[in-house]
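Notes follow once the structure below has been shown.
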Amino acid sequence: METYTTDDALTNMGFGRSQALVLVYAGMGWVAEAMEVMLLSFLGPFVREQWNISPQSESMLSSVVFAGMLIGACAWGFVSDKYGRRTGLLFSTMFTSGMGFLSALSPNYLCLVALRFLVGVGVGGSHVFISWFLEFVPAQNRGTWMVILSLFWTLGTILEASLAWVVLPALNWRMADATAVLERMASANQSDLPPGVLIYNRETKTDHDNLASESECLLPIREKECKVDDAVSSESGSLAALRMLLSRNLLKSTLLLWFVFYANSFAYYGIVLLTSQLSDANRSCASGVIFGLHQKDTNIYKDTFITSLAEIPGLLLSACLVDWFGRKASMWSMMFACCAFLGPLVFHQNELLTTTLLFGARACAMGSFTVLCLYAPEVYPTYVRSTGSGIATAIGRVGGVVCPLVAVALLGSCHQMEALVVFEVVLCLAAVACMFFPVETKGRGME
């Protein structure tokens, strides 16, 4: 009997109207998360002035959001693996919207901190958008479409920076289900499915260029392994999935992914905060005055807007590299480039050079982060894909929790050199870690 896999079906029908709708839906979720994250770089100084809080409390306002995202990334990943991607996305989006609205009505600082933590829990589910979207995209150009999805994140950052500039100074699938979904997609794309019967996956050919023990597990699972999904659901779901992620075959990839996600989040969100804090820190440390909102002018919003635009060339760079140069090499090369841009900022520079260097650093950070978000879902098999990506994303949120303490606290106490050295060391170690990833996922199927 003639058979085909989901990857065969996706390749046969190509990228059409069905995937475009998924792209727009997933993209709007990323716009929302980007705006929530960018909000942190503008909100802190205004809250500090209105409620007379300390710089440490201002840093806490950013850190609690990432702490919530840490919890949400794990929780929503498990929900989407157990109950379906759409279920996880629907409830996480509704939760984020509700908590975000309530946070705007906060009567005091403690209430705002609690509600922003809950917003973080909701936003933590945004990684499910990536897994969901990539499962609909043909393998041969998945990298390019991931870059296009990431444009929505950049749109969110630019939109938030624009609003701040203008406003603030003035004011799991089952087999039958998979067949039905593929049939609807083929109809929407005005194409046909391959002839034959859908199977979970054909026997995987061995790739002798990669480590055999791990590549066998990282490739899409075979039909005989479908029973694993039932085992996961019957054995305290998330605990069984975690044990699978830490199994001998997946351990190296999992641990390296955790560290690289941590480092990349630390660097990316740190660069966002550096944009809004570095110039003020330079002026205040030179004059001996504690910097605050009263010293800010519209230049800070202009600089943030300009550096947000840096994500566009960063995405174009990753698009050129990811499907040609490979996932691993793309990541470590852009991380080293980010280090090169941040290096001169160890010493005080004029505002124009500071903005230019931060522009280059953010472009490289965004490019490497985009490829990393593509690589993680490709590494894990379907039954633990969202859980594995979610936990890795959660580890990354730890970097988001810690980076305000470096970017704000160290700069506020006039320790610019120490702050930048920390960023340099973390990025260099992450680049080296990317070199040790055991497999290259370019062109791999996602069953």
Side-chain angles (χ1 to χ4, degrees), residues 5-15 19 23 26 127 130-151 201-222 249-250 252-261 264 314-337 364-382 384-386 388-389 392-393 430-447:
T5 67
T6 54
D7 268 315
D8 294 334
L10 291 172
T11 300
N12 192 74
M13 73 177 70
F15 194 100
Q19 289 94 337
L23 171 64
H127 68 88
I130 303 173
S131 298
W132 183 55
F133 173 67
L134 293 180
E135 287 173 342
F136 289 94
V137 180
Q140 67 269 22
N141 55 4
R142 190 181 299 127
T144 300
W145 285 110
M146 179 62 196
V147 171
I148 294 174
L149 173 62
S150 298
L151 281 171
N201 189 39
R202 296 196 182 97
E203 287 297 318
T204 304
K205 296 179 181 179
T206 302
D207 185 351
H208 296 288
D209 295 332
N210 296 316
L211 298 179
S213 61
E214 187 149 358
S215 63
E216 288 175 2
C217 187
L218 300 183
L219 286 169
I221 57 176
R222 301 173 175 82
N249 287 331
L250 287 173
K252 184 176 180 180
S253 284
T254 294
L255 294 180
L256 287 173
L257 272 174
W258 287 358
F259 176 72
V260 176
F261 261 97
N264 223 320
L315 290 172
L316 294 176
L317 177 62
S318 62
C320 293
L321 296 178
V322 66
D323 281 328
W324 173 69
F325 207 34
R327 281 40 165 169
K328 294 166 56 177
S330 297
M331 285 186 281
W332 63 252
S333 62
M334 286 187 282
M335 287 179 187
F336 280 131
C364 295
M366 182 60 185
S368 63
F369 210 168
T370 300
V371 180
L372 180 61
C373 290
L374 165 65
Y375 183 80
E378 288 181 329
V379 162
Y380 293 120
T382 302
V384 290
R385 179 170 298 133
S386 280
S389 299
T393 303
V432 173
C434 290
M435 296 179 178
F436 286 95
F437 279 135
V439 292
E440 170 60 60
T441 61
K442 184 180 75 170
R444 296 290 180 94
M446 287 180 66
E447 287 296 335

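Nearest heavy-atom pair, Phe261 versus Ala392, reported as atom, atom and distance to 0.1 Å: CB-O, 3.3 Å. The two atoms that bring Ser318 and Gly367 nearest to each other are CB-O, 3.7 Å, heavy atoms only. Here the closest heavy-atom approach between residue Leu372 and residue Met331 is recorded as CA-SD, 3.6 Å. Here the closest heavy-atom approach between residue Ala431 and residue Met335 is recorded as N-SD, 3.6 Å.
Ala329 meets the side-chain contact (heavy atoms from CB on, under 4.5 Å) test with Phe325, Trp332; sequence neighbours excluded. Contacts of Leu256 classified as side-chain contact (heavy atoms from CB on, under 4.5 Å), with partners at least two apart in sequence or in another chain: Lys252, Ala433, Phe436, Phe437, Pro438. Applying the side chain to side chain donor-acceptor pair (under 3.5 Å) test to Ser368 and every residue at least two apart in sequence or in another chain returns Asn264.
Looking at Glu440, its side chain does come within 3.5 Å of a backbone N or O of Arg327 through a donor-acceptor pair.
Taken from CE in Met334 to SG in Cys434, the straight-line distance is 9.5 Å, to the nearest 0.5 Å. Here CD1 of Ile148 is found 7.0 Å from CG of Leu23. Values are rounded to the nearest 0.5 Å. Summarising the geometry, atom CZ belonging to Phe336 is positioned 12.5 Å from atom SG belonging to Cys364; distances are rounded to the nearest 0.5 Å.
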(request) Applying side-chain contact (heavy atoms from CB on, under 4.5 Å), run through Val439 and Tyr375 and close with a yes or a no. (result) CA-CA 10 Å; Val439 292; Tyr375 183 80; 3.7 Å; yes

(message) Could you go through Glu378 and Lys442, starting from their C-alpha distance and side-chain angles, then the distance that decides it, and tell me whether this counts as salt bridge (charged side-chain N to carboxylate O under 4.0 Å, His left out)?
(response) CA-CA 9 Å; Glu378 288 181 329; Lys442 184 180 75 170; over 6 Å; no

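Side chain to side chain, Tyr380 and Ser253 fail the donor-acceptor criterion of an N or O pair below 3.5 Å.
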